[in-house]
J.: 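Attaching a single structure in structure tokens format; questions to follow.
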Amino acid sequence: MDFSVEHQLVDSEARAGLMSTGHGVVPTPIFMPVGTAGSVKGIHVKDLKEDIGAHIILGNTYHLYLRPGTAIIEGAGGLHRFNGWNGPILTDSGGYQVFSLGDIRKLTEEGARFQSHIDGSYHMFTPESVVDIQRKIGADIIMAFDECTPGDAPYDYAKKSLALTQSWLERCMEQMQKTHPLYGHSQSLFPIVQGGVYEDLRTQAAKHVASFQADGYAIGGLSVGEPENVMYAMIEVVCPILPKEKPRYLMGVGTPVNILEAIDRGVDMFDCVMPTRNGRNGMLFTREGIINIKNKKWADDFSPVDQEGTSYVDHQYCKAFLRHLIISNEMLGAQIASQHNLAFYLWLVREARNQILCNNFKNWKEEMTKRLACRL
RNA sequence: GGGGAGAUACCAAAGUGGCCAACUGGGGCAGACUGUAAAUCUGCUGGCUCAUGCCUUCGUAGGUUCGAAUCCUGCUCUCCCCA
């Protein structure tokens, strides 16, 4: 994998770059739609690529391992062949499930013991097994196994948790050395910075990951319950320590405003379930602000879903119809809303990149931030 | 014509003397959602009030009772069975 910074602003840490992978080139900043179980919920690959303009999507190690299982994915010839997406893929390691499945998992130095959320069966994830599984899934970018520290973790917990993540990273890197890609394209492992909401821990964590030769670096354990300004502060602490010539990935973030703020602080890559999950639940992100399409006021609004939207669904359907679909629990409603939101997110990062290239990012960000936070 | 069952809030449906402004669904209205245990979850849904509270409600008109959606009587209406 190769990354080059095309343009670096002087009044901001924001930069525009190009990341080349075995499945194509990704312009940064970029937003990566989340496809946990191998599919971006409700969205066809054709729309993802041609209408939404996605360049790279996510999959999840934990979910794919449980179902359909790595043997099936291997049998298909890897996830790209299995799901029909021939662009770059990134897989999360299961580290987030260490956090979100808190009640049905147990952590030890060795790894994490999970109870399947599907059938309750017990499974052990170790840094080594997580690398092995991700080799079999075959994503272009794979993530280190980490513990995603909760946003409200006290200092002692965050420190201990960080130490575990660091020790697991060393084992992941070793396992990468011992193993090889299975499908003829290269795989890059990104280490993850943890450290909770504590500046000294984040600093130490950033230095630790930077000491490894990696193709990119991730910031994890944010937007997990801590206040937004704390999240921004942590990004400001971490980014300057990470190698300038490598992509930086802020995991699981976020709202459109979060993304602009993080780009401003030097982040290149994002992923979040918000456009799809919140879309399914009736929340639309637009250039003018947030729409809760379930609200009564849209019942007789026959204007397009998004007058300025870039997706065909924005013009094919009107707000009143989309509201009707979502309220009636019609699956097309979830599809339209997801497609609109993803197209909006991809437009946002594309436009951010354009504004960086013409040195107008700061002004544009300021104006957009005001509009994006509005409730319509 | 004869016999039987029933009428509860927007709809359906519990409740058969005080714990009932009334279970529960649905519908409606709002909210939440950040590396997806999520096409999920939460709140409100008679009126007034910030609230304690007060007022008006269980077909309708009376009655019994300290107290009635619940018991009694008349009336109105609905459904089922037999002719």
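Chain identifiers are assigned alphabetically (A, B, ...) following the order of the sequence lines, protein sequences preceding nucleic acid strands; residue numbering begins at 1 within each chain.
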J.: Counting just side-chain N and O atoms, does N60(A) come under 4.0 Å of either OP1 or OP2 of U36(B)?
T.: yes
J.: Does C10(B) have a Watson-Crick or wobble mate here (both distances under 3.5 Å), and if so which one?
T.: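 Looking at the geometry, C10(B) pairs with G26(B).
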J.: For a quick check of understanding: with a heavy-atom distance under 4.0 Å over all strands, which category does Q335(A) fall into, base, sugar-phosphate or nothing?
T.: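 Nothing, no heavy atom under 4.0 Å.
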J.: What does C71(B) pair with, Watson-Crick or G-U, if both distances are under 3.5 Å?
T.: G63(B)
J.: Would you say the rings of F190(A) and Y217(A) are close, in the sense that their centroids are separated by under 6.0 Å?
T.: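 Ring centres of F190(A) and Y217(A) not closer than 6.0 Å.
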J.: Taking C79(B) as the reference, what is the distance to U8(B) when you measure between their P atoms (whole Å, please)?
T.: 14 Å
J.: Looking only at side chains, do N281(A) and N278(A) share a donor and an acceptor under 3.5 Å apart?
T.: no
J.: Consider the side chain of K41(A), meaning its heavy atoms from C-beta on, and name the nucleotide among A37(B), U36(B), A32(B) that approaches it most closely.
T.: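 Of the candidates, U36(B) comes closest.
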J.: Quote, to the nearest angstrom, the P distance that separates C44(B) from U52(B).
T.: 13 Å
J.: Just name whichever nucleotide pairs with A5(B), Watson-Crick or G-U, keeping both distances under 3.5 Å, else none.
T.: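 With both distances under 3.5 Å, A5(B) matches U78(B).
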J.: Salt bridge check: are E110(A) and R171(A) linked by an N-O gap of less than 4.0 Å?
T.: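 Between R171(A) and E110(A) there is a salt bridge, with a charged N closer than 4.0 Å to a carboxylate O.
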J.: Within the structure provided, determine whether L201(A) and Y155(A) are in side-chain contact (heavy-atom separation under 4.5 Å).
T.: yes
J.: Whole Å only: how far is the CG atom of N329(A) from the C1' atom of U40(B)?
T.: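 Taking CG of N329(A) and C1' of U40(B), I get 10 Å after rounding.
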J.: Please report the distance separating the P of A12(B) from the corresponding atom of G2(B), rounded so that it comes out in whole Å.
T.: 30 Å
J.: Before giving the answer on side-chain contact (heavy atoms from CB on, under 4.5 Å), spell out for M143(A) and M251(A) the whole-Å C-alpha distance, their side-chain angles and the decisive distance to 0.1 Å.
T.: CA-CA 10 Å; M143(A) 300 307 298; M251(A) 305 184 77; 3.8 Å; yes
J.: Could you give the CD1-to-P distance, from I327(A) to A39(B), as a whole number of Å?
T.: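 Rounded to whole Å, this separation is 18 Å.
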J.: By nearest heavy atom, map I104(A) and R375(A) onto RNA chain B; which one lands nearer the 5' end?
T.: R375(A)
J.: What is the distance, to the nearest angstrom, from the CG atom on D92(A) to the P atom on U34(B)?
T.: 15 Å
J.: Let's see if you can work this out: which of A37(B), G35(B), G31(B) has an atom nearest to the side-chain heavy atoms of K294(A)?
T.: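 Closest of the options to the side chain of K294(A): G31(B).
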J.: Taking A9(B) as the reference, what is the distance to G47(B) when you measure between their C1' atoms (whole Å, please)?
T.: 13 Å
J.: Can you tell me which residue pairs pass the salt bridge (Lys or Arg N to Asp or Glu O under 4.0 Å) test with a partner in residues 254-270 of chain A, sequence neighbours excluded?
T.: R15(A)-D268(A), E236(A)-R265(A), E261(A)-R265(A), E261(A)-K365(A), D264(A)-K362(A), D264(A)-K365(A)
J.: Where the side chain of Y96(A) is concerned, which of A38(B), G35(B), U34(B) is the nearest nucleotide?
T.: G35(B)
J.: Compute whether any side-chain donor of one residue and acceptor of the other, for H340(A) and D314(A), lie under 3.5 angstrom apart.
T.: yes
J.: Check whether any side-chain N or O of Q97(A) sits under 4.0 Å from OP1 or OP2 of A37(B), and answer yes or no.
T.: yes
J.: Closest to the Y249(A) side chain: G35(B), U40(B), U36(B)?
T.: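 Of the options given, the side chain of Y249(A) lies nearest G35(B).
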J.: For C55(B) and C19(B), measure between their P atoms and round to the nearest Å.
T.: 16 Å
J.: Which nucleotide, if any, forms a Watson-Crick or G-U wobble pair with A32(B), using both distances under 3.5 Å?
T.: U40(B)
J.: Suppose you measure atom P in G67(B) against the same atom in A14(B); what distance do you get, rounded to whole Å?
T.: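 Per the computed distance, 30 Å lies between those P atoms.
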J.: Output the rounded distance in Å from CE (M283(A)) to C1' (A32(B)).
T.: 9 Å
J.: Report yes if a side-chain nitrogen or oxygen of S100(A) is closer than 4.0 Å to either non-bridging phosphate oxygen (OP1 or OP2) of A37(B); otherwise report no.
T.: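 Answer yes for this pair, as a side-chain N or O of S100(A) is under 4.0 Å from OP1 or OP2.
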J.: Side-chain N or O of S223(A) less than 4.0 angstrom from OP1 or OP2 on U34(B)?
T.: no
J.: C1' atom, C10(B) versus G27(B): distance in rounded Å?
T.: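 Those two atoms are separated by 7 Å.
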J.: Which one, G31(B), G35(B), A32(B), comes nearest to the side chain of N292(A)?
T.: G31(B)
J.: Among A38(B), G31(B), G35(B), which nucleotide has an atom closest to any side-chain atom of L58(A)?
T.: G35(B)
J.: A side-chain contact here means heavy atoms from C-beta on lying under 4.5 Å apart; do T255(A) and S223(A) qualify?
T.: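 They are not in contact (no side-chain heavy atoms under 4.5 Å apart), so the answer is no.
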J.: Would you mind telling me which of A32(B), U36(B), A37(B) lies closest to the side-chain atoms of N281(A)?
T.: A32(B)
J.: Using a heavy-atom cut-off of 4.0 Å across all strands, would you classify Q115(A) as base, sugar-phosphate, or nothing?
T.: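 Here Q115(A) touches no strand at all.
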J.: From C-beta outward on R277(A), which listed nucleotide comes closest to its side chain: G31(B), U36(B), C29(B)?
T.: U36(B)
J.: For N278(A) and A39(B), give me the distance from atom CG to atom P, rounded to whole Å.
T.: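 Distance, rounded to whole Å: 12 Å.
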J.: Do Q187(A) and D140(A) have side-chain heavy atoms sitting under 4.5 Å apart?
T.: no
J.: Taking the side chain of L101(A) as its heavy atoms from C-beta onward, which of A37(B), U36(B), C29(B) lies nearest to it?
T.: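 For L101(A), the side-chain atoms sit closest to A37(B).
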J.: Can you tell me how far P of A38(B) sits from CE of M274(A), to the nearest Å?
T.: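 Interatomic distance, CE of M274(A) to P of A38(B): 17 Å.
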J.: Under a 4.0 Å heavy-atom cut-off, which of residues 140-152 of chain A touch RNA chain B?
T.: D146(A), C148(A)
J.: Nearest-Å distance, CG (L64(A)) to P (G35(B))?
T.: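 In whole Å, G35(B) P lies 16 Å from L64(A) CG.
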J.: Using a cut-off of strictly less than 4.0 Å, decide whether R280(A) has a side-chain nitrogen or oxygen near OP1 or OP2 of C41(B).
T.: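 Checking C41(B) against R280(A), no side-chain N or O comes under 4.0 Å of OP1 or OP2.
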J.: May I ask you to say what G221(A) touches in the nucleic acid, namely base, sugar-phosphate or nothing, with a heavy-atom cut-off under 4.0 Å?
T.: base
J.: Mind calculating the distance between CE (M251(A)) and P (U36(B)) to the nearest angstrom?
T.: 8 Å
J.: Compute whether any side-chain donor of one residue and acceptor of the other, for Q355(A) and E351(A), lie under 3.5 angstrom apart.
T.: yes
J.: Step by step, would you call R350(A) with L346(A) a side-chain contact (heavy atoms from CB on, under 4.5 Å)?
T.: CA-CA 6 Å; R350(A) 207 162 51 234; L346(A) 267 297; 4.1 Å; yes
J.: Taking the C1' atom of each, how far is U65(B) from G1(B), in whole Å?
T.: 40 Å
